[in-house]
Structures are given as C-alpha cells and as structure tokens.
Amino acid sequence: MRSLISILDLSVEEIDELIAVANDIIADPESYGELCRGKKLATLFFEPSTRTRLSFEAAMYELGGNVLGFSEAQSSSAAKGESVADTAKTVSCYADIIAMRHPKEGAPLVAANNATIPVINAGDGGHNHPTQTLADLLTIQREKGSFDNLTIGLCGDLKFGRTVHSLIEAMARYNNVKFVLISPEELKLPSYIKKDVLKKHGIEYVQTTDLESVMPELDILYMTRVQRERFFNEEDYLRLKDSYILTPEKLKNAKTDLTIMHPLPRVNEISVAIDEDPRAAYFKQVFNGKIVRMALIMKLLGVTK
Ligand code: CP
C-alpha cells in the first residue's frame with residue numbers, strides 16, 4: 001500500500017511512467033474505461049476545490065470506478081471534532097483509495113499513517129500540491145517536449161502558493177533548469193525551499209519584483225493567485241492581490257514559444273484577453289490534471305492496462 005504525499009514520493013522514472021500512461025490515455029481513452037470497475041475513490045475535501053476534486057472524480061468515473069466523499073468539512077464528522085486519523089481509519093472501511101485536501105499542512109500524511117488504503121494529498125495548506133504538479137509536468141512535457149534546459153518564471157504568491165513549492169521540488173531534479181522568482185517582498189519563496197531545494201541541488205535562481213524586465217528570458221511563465229485564505233490580515237491581502245496582472249501589452253517582449261501556465265482558479269492575474277493566445281496553456285493544465293490523475297489512481301491501486 002503506497003500513498004502520494006509529496007511529489008518527491010515519486011522517482012523521476014515513475015514520473016516518466018505516469019506521463020507515458022497519461023499520453024496513452026489521451027491517445028486511446030476507451031481502452032481505460034473498465035480498468036477500475038468495482039473500485040471506489042473517496043474524495044475527502046476539507047477545503048474548497050473545483051478542479052482537483054472534480055478531476056479526481058471524473059478520473060475515477062472514466063476508469064469505470066465509483067466515487068464517494070464530501071466537499072466541505074462541515075458536512076463531515078470533523079465538524080463534531082473527529083480527528084483526521086479516525087476519519088482515515090473509517091474511510092478505509094468504505095473505499096479503496098482516498099484523495100484528501102485539508103487546510104492544515106501535514107494532514108494527508110497523518111491520514112496516510114492511519115489509513116489501510118492509499119492516500120493522495122490533494123493540497124495541504126500552504127505546503128504541497130503534488131497532483132497539480134503532475135498536471136503541470138504533463139503540460140510541460142506536451143508543450144516543450146522535455147523538462148531540461150528551461151528557464152521558468154514563477155510569479156505571484158510564492159510564499160503561500162503550494163503549487164509552486166511542489167513544482168520547484170519536481171523541476172529541480174532535471175538538467176539545466178533555472179528559476180526566476182517574481183513576487184512582492186512580502187510573498188517571496190520561503191527560505192526553507194531556497195535552502196533545502198534550490199541551493200542543495202545547485203539550481204540557479206534570481207529573485208525580482210519586476211515581471212516585465214525578466215519576460216524576454218522565460219520559456220515558461222507560471223502565474224499564481226495571491227492566496228487570500230492564508231492571510232491573517234485582510235488589509236495586506238487587498239494591498240497585494242493585484243501585484244501582477246498579465247496583459248497582452250506585458251507579453252510584447254516575451255518569447256514566441258513562451259508557455260503561460262496557471263494552476264487556477266484565476267482571480268485577476270491573467271487578463272481574459274490572453275486566453276486565445278496560442279501560448280496560453282492553463283486550460284490545457286485543467287484537462288491534463290484529469291488524465292494524469294487517472295494514471296496515478298491506476299498506479300496506486302496496482303492496476304495496469
Ligand atoms: N488548481 C487547483 O487546485 O484548483 P482547485 O482549488 O479548484 O482544486
């Protein structure tokens with residue numbers, strides 16, 4: 001029995017295998033339609049979600065399986081004080097695999113330590129979001145053809161943005177990857193990630209507050225939302241929320257083959273005028289998220305084609 005709590009729980013070779021399966025699903029989805037017949041996925045979402053929860057559920061249905069679960073803590077016995085550990089033990093009696101989102105960092109790890117079925121971290125606080133990273137990696141592979149030799153601009157809330165933290169951990173394992181960290185001073189990447197990931201792997205990075213000045217260097221621009229739900233102070237959120245708004249004007253010096261990504265939901269970070277730009281890949285990420293979650297569910301359940 002194996003869980004996915006951090007993207008580093010998967011080796012580079014295993015990520016290659018998941019991406020190969022995902023590409024095969026895209027090429028021939030019908031051949032996967034019965035592989036999880038009789039299996040049940042429990043989606044335990046203690047925090048709001050559109051893409052992650054619905055893509056997990058769509059993934060399980062497209063594999064022929066079934067889904068049960070809840071979409072808010074208030075409709076579960078967590079509202080009566082039940083612990084994550086007891087919830088995990090309970091759901092292990094009803095389902096074959098769990099996808100859990102929780103506002104507390106580490107909650108899915110506690111669930112994995114107490115469940116008797118695989119647990120997938122579907123986002124824990126400001127910490128990690130490994131399945132978003134799998135969606136991002138599939139998108140990068142399909143857009144760029146390789147994970148090597150890329151300069152990646154990460155823009156917005158790098159402090160609380162868990163998708164950025166997981167993506168850095170994943171991309172740091174490839175060759176000649178450089179990061180450009182673009183954020184307000186108050187929302188810079190946490191020191192522990194710079195020390196434990198970037199410096200440890202000898203990864204080149206620069207920090208700046210100015211998106212337009214670095215635009216010409218970027219192969220990928222990964223925009224992020226300012227994470228209102230992680231702020232202690234509404235005034236700070238209101239001051240910082242529109243720090244970066246990507247418009248067609250700001251792309252005038254960008255590479256013609258730039259890939260523009262965003263884990264979504266978008267608030268104001270990318271003008272809708274960019275949605276039709278062929279470089280916009282954020283709705284491809286949404287689609288790829290469902291596909292790669294199908295591949296992951298199969299892997300953790302030990303199902304092969
Ligand atoms: N990207 C992402 O996690 O979106 P949701 O919050 O809608 O699941």
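Indexing begins at 1, ligand by ligand and atom by atom, following the structure's order.
Near Pro263, with a cut-off below 4.0 Å to any heavy atom, the atoms of ligand 1 are 1 (N). Atoms of ligand 1 lying under 4.0 Å from any heavy atom of Thr50, numbered from 1 in the order shown and given with element: 5 (P), 7 (O), 8 (O).
Of the options Gln132, Arg101, Glu47, Arg225, the smallest heavy-atom separation from atom 6 (O) of ligand 1 is shown by Arg101.
Using a 3.5 Å distance cut-off with no hydrogens or angles, the side chains of Lys159 and Ser183 do not pair a donor with an acceptor. Between the side chains of Asp148 and Asn176, no donor-acceptor pair of N or O atoms lies under 3.5 Å. When only modelled atom types and interatomic distance are considered, Arg173 and His201 share no side-chain donor-acceptor pair under 3.5 Å.
With a heavy-atom cut-off of 4.0 Å, Leu264 touches ligand 1 through its backbone alone.
Contact check on Asp219 versus Lys255 returns a salt bridge, with a Lys/Arg side-chain nitrogen under 4.0 Å from an Asp/Glu carboxylate oxygen.
Rounding to the nearest 0.5 Å places CG of Leu18 at 12.5 Å from CZ of Arg293.
Distances between N or O atoms of Arg53 and those of ligand 1 include no value under 3.5 Å.
Among all non-hydrogen protein atoms, the one lying nearest atom 4 (O) of ligand 1 is Arg51 NE, 3.1 Å.
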